[in-house]
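See structure below.
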Amino acid sequence: MLLTTKFLRPTSDPRAVWRERLCRLLQPGSSKRLNLVVAPAGFGKTTLVSQWCTQQGTSTAWLSLDDHDDEPRRFWQYIVGAFEHSGMAGLETCRQQLSHCSVQELEGPITGLINALAEDGSQWTLVLDDFHLIRDTDIQRQFSYFVDYLPPGVTLTLASRTEPPLPLARWRVRQWVADIHPGLLAFSEEECRHFFRETMGLKVSEQEIHKICRKTEGWVAAMQLSALSGVSRSTGDSALPITVDVDERRINDYVLSEVLDQQPEAIRDFLLSTACCPKLCAPLCDAVRGTSNSQAMLEQLLKQNLFLIPLDTRNHWFRYHDLFRDALLQRAWVDSPDMAEQHWQRAVSWLLSHNHVQEGIAQIVRQRDWSWLARVLAEHGNNLIHGGYHLPVLNWLDSLPADMVEDNPQLQMLRIWSLFFANRVDMLEPLLSTLEDVLDQQVADSHPDAEGALGLQSEISLIRSYLARTRSDDKSANDLTRQVLKDIDHTRIPLKSVTYYGIGLDYYGKGDLPSAREALRSAIHYGELERKPNTVLSSGGLLAWIQYNRGDIDDALETCTSVRRWVDQHYSDPAQPRLISCWQNSALTEIYRERNEPELATSHLTPLMEHVTNGTEPGQHVIIQYVRGHLAFSEGRFEEAIEALEDAATVARRRHDHILFEPPACSALLVRCYLADGRLQQAERWAQSVTDEHFSNPLNREQNQISIARVMVAAGRPADAIAILAPLRLSAEEDQHFRHLVEILTVYSEALYVEGKIPEADQMLSQAVHRASDAGFMRLFAEESPNVRQRLLELPALRAPSRWNSSLLAMLRAIGDGSKSPEPAKDRAKRPAGTSVALTEPLSQREKEVLVLINEGLANKDIASRMKVAPATVKAHIRNLYGKMGVSRRTEALAKARELALLE
């Protein structure tokens, strides 16, 4: 149940000042997406926005947030509810998805909401009042995604006491944001007069109103500070205004002369000593001042509105207004430069030692203390680079004097790593040679840091191993990587995660998927120990890609979820772009596309498209365009698919020397688009051109062979297709390439149908269905020819009671009915509360044991170990209990088991 009164716009106080000039700023614009009204309590944010809404001719949705809304599902339920309460239709599916999906799957309904707004086409305004109550990082990340992909004509307005931790800088550059902060909320003289006389009911003379308004420039906070400065001159009559100096100086000059100088000595000393802090918290202020009462002082400043701006809702972090802080810094350095220097050094040291390295470095750069900057980068640079901040490190290195970097091998290595992660690998070879010359000279001269210089050799070898992969020099890459592993304990920085990731890439390129899986699991393990989120994401993404191709979709999804959870827990910063991995988002796009959940697939593909537009490493470009083309092909958008896949194939061919691995066989998927689009001759020309092509990755070789067989079937040469598929079937099963195995069996069956061997074809297609149901594959059958889809509808094997069977048949029927975009295959039973359906057949004792172990969260291999049976036996038990329970995956099985009291 949603509280509908939260959707009611507050009624404006008739005595309130009418803010016509600000209402004009809030008006929708051609590129604007967000109105940001940020000010402390009592600045009239809600009143202003409510007044503006009364003038709107567009549809307006209002939501007053409270503390209980700081939970992702509830937050988005109320967002959808606000639109529905204001009359928007077509959100039923989105609302239903929100009622059952997990937090990790909320991108799906959010994407559905965006699509619904785009389809509605109306001008919409959504107001979120008290947005500062939303502190959950998942909501902030999801809200950033929501704003990034809003359709034209939709304007969001946030009223908040603090600036929300969203990527506002990026949005401001794109001219998406209209900011109304306290400075813009400043009153004109007429507004000031109305405020004092009508709203506040104060007896203030015209002269005093004019004086206060001019001196404070209509800024309410400055008015309050002016009142503080004039307390000593007050007559004690509360009806009289605070007297202020009418000098024409700027507002920050006023703060220093009329506010700072009139504060008690303790407050004045606190302000001057903490002005060196870019942001403030009690422990930082205590360290700078050498005291223990900073929390009380901060709370006192907050109560007095002394230009202290909260950065959170817990009164832990604050900052001074920039103008106020600049004025304080100027006074501090003039009055006592030695003391100011000491305070500044203490503040930077505290920031560096408490994991606020970037803020500390920014202060060092501002003071141009290059020696200190070099020492800090030598200590923290690698962690920053592997945490995703390679570009800032590169900028800081560029700010150092050139000779300081040239004489320091460690700083040179930082530059090389920064360029490597920036995908500027063409610049690395000369830098590596220069660094090796410096290291050789230090060893020859018995330099004091000669031992450390030798340690850098492992880092150089690791970089060179990746460069060897770009040249397809697999032997050199493997030899260099193995040498790094041998010398790993002598290096200055932890390299195991990056090294194992390289080994995983090598095994993946050879098609040795089991060895690649083990290496990538080691990369994830060491990446978490070494706190390297980029490596963890990339390793987890490639592992999920491999698991998906093997047919372990549930395992692939669990890998992505666990890796994402770790990264968000340790490196979540809503104000910064979210760390993403091309491998992981591509794997998730493929997984959800295969599970026939296109909205979720799109939500993971969309963030990658910006990298294609703005330019990215060629290997990543190929993968992104491949999954984009595959998604378009699955949904019948053949022209878009062909465009994406032709681009991917071109980049893969032209930039082959710059790709660290063999990318997916884009042309193999491209020829399927040609066949689906009726371009048989073009498909045949392609098949002739790739017959002798060499592939180092068996997955790509299999993919091309399958597509060649498809072309032969379409050309009426089923015997030639079978000659290719028969040995391919055996090798795919032996190598555990189960996704390809399902495709091979399906194409094999189609070739048999063309030859008129109906019983054999039905048997082959039944094997494909059996394999696909085990793995959770579904959408691949919708991509097959109309003949195969019709045979599937008539296949006896699909008549057995099973949720997967029902979902597959529903999807195929929707395509057969001509539906352009079939509904996701989640055919959930709708029964009255309190009813249940008995099992078609009781579970065996072993099946019950498997169900209990599934409930414990064990993976298939762990269940096999616990029961002391083969993994294949466990899969057979799971397949049987799924069939008896009429479900297709673990979550559904557990829900059904609880419904039938099988787990009690």
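Keep in mind that what you see is a predicted model, and the values were worked out from it rather than measured. Below, all heavy atoms of this structure are taken into account, side chains as well, without hydrogens, waters or symmetry copies.
Taken to the nearest 0.5 Å, the CZ atom of Phe270 stands 5.5 Å off from the CG atom of Leu301. Note that CZ of Phe75 is 5.5 Å distant from CG of Leu128, once rounded to the nearest 0.5 Å. Note that CG of Leu36 and CZ of Arg172 are 6.5 Å apart. Values are rounded to the nearest 0.5 Å. Gln358 contributes atom CD, which lies 12.0 Å from atom NE2 of His380 (distance to the nearest 0.5 angstrom). Atoms CG and CG, from Asp66 and Asp130 in turn, are 9.0 Å apart once rounded to the nearest 0.5 Å. The structure places CZ of Arg24 at 11.5 Å from CZ of Arg19, a figure rounded to the nearest 0.5 Å.
Panel note: side chain Arg174, backbone Lys32; no donor-acceptor pair is recorded below 3.5 Å. Side chain of Arg135 to main chain of Asp70: no donor-acceptor pair is present (N/O by atom type, distance under 3.5 Å, no hydrogens or angles). A donor-acceptor contact shorter than 3.5 Å links the side chain of Ser353 to the backbone of Ser349. Between the side chain of Gln140 and the main chain of Leu166, no donor-acceptor pair closer than 3.5 Å is present.
Between Cys277 and Tyr320 there is no side-chain heavy-atom pair separated by less than 4.5 Å. At a threshold of 4.5 Å between non-hydrogen side-chain atoms, the residues Ile267 and Gln300 count as touching. Contact annotation: the side chain of Ile580 never approaches that of Leu537 to less than 4.5 Å [non-hydrogen atoms, C-beta and beyond]. Residues Cys285 and Met297 fail the side-chain proximity criterion, which asks for heavy atoms closer than 4.5 Å.
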Worksheet item: Under the side chain to side chain contact (heavy atoms under 4.5 Å, CB included) criterion, do Phe146 and Leu150 qualify, and how do the steps go?
Response: CA-CA 6 Å; Phe146 182 64; Leu150 276 177; 3.7 Å; yes
Discussion item. Working note: Gln27 + Trp52, criterion side chain to side chain donor-acceptor pair (under 3.5 Å); need CA distance, chi angles, decisive distance, verdict.
Written reply: CA-CA 8 Å; Gln27 288 295 100; Trp52 169 65; 2.6 Å; yes
Practice prompt. Test side chain to side chain contact (heavy atoms under 4.5 Å, CB included) on Thr274 and His343 and set out the steps.
Written response: CA-CA 8 Å; Thr274 58; His343 288 155; over 6 Å; no
Practice prompt. Tell me, with the steps shown, if Val147 and Leu156 meet side chain to side chain contact (heavy atoms under 4.5 Å, CB included).
Written response: CA-CA 8 Å; Val147 175; Leu156 306 181; 3.7 Å; yes
Worksheet item: Do Leu384 and Trp396 pass the side chain to side chain contact (heavy atoms under 4.5 Å, CB included) test, and can you show the C-alpha distance, the side-chain angles, and the key distance before you say yes or no?
Response: CA-CA 12 Å; Leu384 289 169; Trp396 292 326; 3.8 Å; yes
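Under the side chain to side chain contact (heavy atoms under 4.5 Å, CB included) rule, Asp69 has a single partner from Leu133, Ile134, Ile139, which is Ile134. For the salt bridge (charged side-chain N to carboxylate O under 4.0 Å, His left out) criterion with Asp148, the lone passing option out of Arg170, Arg141, Arg33 is Arg170.
Nearest heavy atom pair, residue Val405 against residue Arg415, reads CG1-NH2, 3.7 Å. Heavy atoms only, all atoms of each residue included: Ser31 and Trp176 are closest at O-CD1, 3.3 Å. Nearest heavy-atom pair across Trp417 and Ile385 is CB-CD1, 4.0 Å. Ile180 and Leu22 get closest at one heavy-atom pair: CD1-O, 4.1 Å. The two residues Arg289 and Ser273 have their closest heavy-atom pair at CG-OG, 3.4 Å. Heavy-atom minimum distance, Lys45 versus Val38: CD-C, 4.2 Å.
Ring centroids of His356 and Trp317 are separated by less than 6.0 Å, placing the two rings close together.
More than 12 heavy atoms of other residues, nucleotides or ligands shown are found within 6.0 angstrom of CG on Asp398. Few gaps surround NE2 on His354; more than 12 heavy atoms of other groups in view lie less than 6.0 Å from it. Atom CE of Met339 has 12 or fewer neighbouring heavy atoms from other residues, nucleotides or ligands inside a 6.0 Å radius.
Remark: the Glu341 side chain and the Trp333 side chain contain no N/O donor-acceptor pair separated by less than 3.5 Å. Side-chain atoms of Asp129 and Ser64 form no donor-acceptor pair, as typed in the model, at a separation below 3.5 Å. In summary, the side chains of Arg346 and Gln342 do present a donor paired with an acceptor at a separation below 3.5 Å, with no hydrogens or angles considered.
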Quiz: residues 359-379 side-chain donor-acceptor pairs under 3.5 angstrom, not counting sequence neighbours:
from	atom 1	to	atom 2	distance (Å)
Glu359	OE2	Lys279	NZ	3.1
Asp369	OD1	Trp372	N	3.3

